[in-house]
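These notes concern the structure reproduced below.
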Amino acid sequence: MPELPEVEVTRRSFAERIAGARVLAVRLGSPLRWPLGCAPQSLVGRRVGAVTRRGKYLWLPLAPVEPGPPERSDGGLLMHLGMSGSLAFSDTAALASVGKHDHFDLATSRGTLRLTDPRRFGAVVWSPAIDAAPAATLLARLGAEPFDEALTPAVFHAALRPRRTAVKTALLAGDIIVGAGNIYACEALFDAGIDPRLRCCQLSRPRAERLLASVRKTLSRALELGGSSLRDFRDTHGSDGAYQLEARVYGRAGLACESCGATVRRILQGQRSTFFCPGCQKR
Ligand SMILES: [Zn+2]
């Protein structure tokens, strides 16, 4: 599943190349998770603005070239990669060759942005603004961006303190901080020396601070590796693998911890696998 670092690496792979391009054609394949929400033809002629990311969503502003009636007003596409999606931007007009899993093409004057998504949990949704429905509704429950300076250790600790759930579960929920998907949550908790079963309300302020720093460090590293493994801007699935090679607990159940030699364990928390080292990670 594409996680936040993969989505951000994807964004960086095409944002500058597509900015300023004019939409020439739109092709829809099989239905995605949600309908597009506008006539594909209404996007033709619009100009692509600066692509941004919020959580695992990308926002592609599409401004009308000239102001006109309401149906030609501002707006953009909110995109999500779902469980198995990848976005690729090719300089050539790739519309001629369409694969079975290619379900959305935005052909522009600078190249074609294509969503390939075998499981079709991904989405491309029109919204008149990022802070208006439907985009605002989809983004409403997202927690803070991990690198947002407003997310201070005090804010992070205050958000965790009222909760009785396990700290790992709270990270995965994404409503306090986004981006700590399963692999990154496991690795951040290992880095911070925190037992994933510890309840949020039992996490001290210094340990919350340590955890926030570890989440940031883990995501930064994943971004670095994702960038290096996405050189052809084609396959977002490779980046996860590159990070996994460096994982210290994730996927290592039964193996010796490289720090202390204890056996790495795998448990289930909220139906997700949690990997941790009982020697390094304390309650
Ligand atoms: Zn250990």
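Atoms within a ligand are numbered from 1 in the order they appear, just like the ligands themselves.
Side-chain contact, Glu187 with Thr218: no donor N or O sits under 3.5 Å from an acceptor N or O.
Although no hydrogens or angles enter the test, the distance criterion places a donor-acceptor pair under 3.5 Å between the side chain of His103 and the main chain of Ser30.
With rounding to the nearest 0.5 angstrom, the CG atom of Leu4 is 6.0 Å from the CD atom of Glu145.
Using a 4.0 Å cut-off between charged side-chain N and carboxylate O, Arg221 and Asp191 make no salt bridge. Ion pairing between Arg27 and Asp102 fails under the 4.0 Å rule for side-chain N and carboxylate O.
The two residues Ala185 and Ala180 make their nearest non-hydrogen contact at CB-O, 3.8 Å.
Excluding waters, the set of protein N, O or S atoms lying under 2.8 Å from the Zn ion (ligand 1) comprises Cys257 SG, Cys260 SG, Cys277 SG, Cys280 SG.
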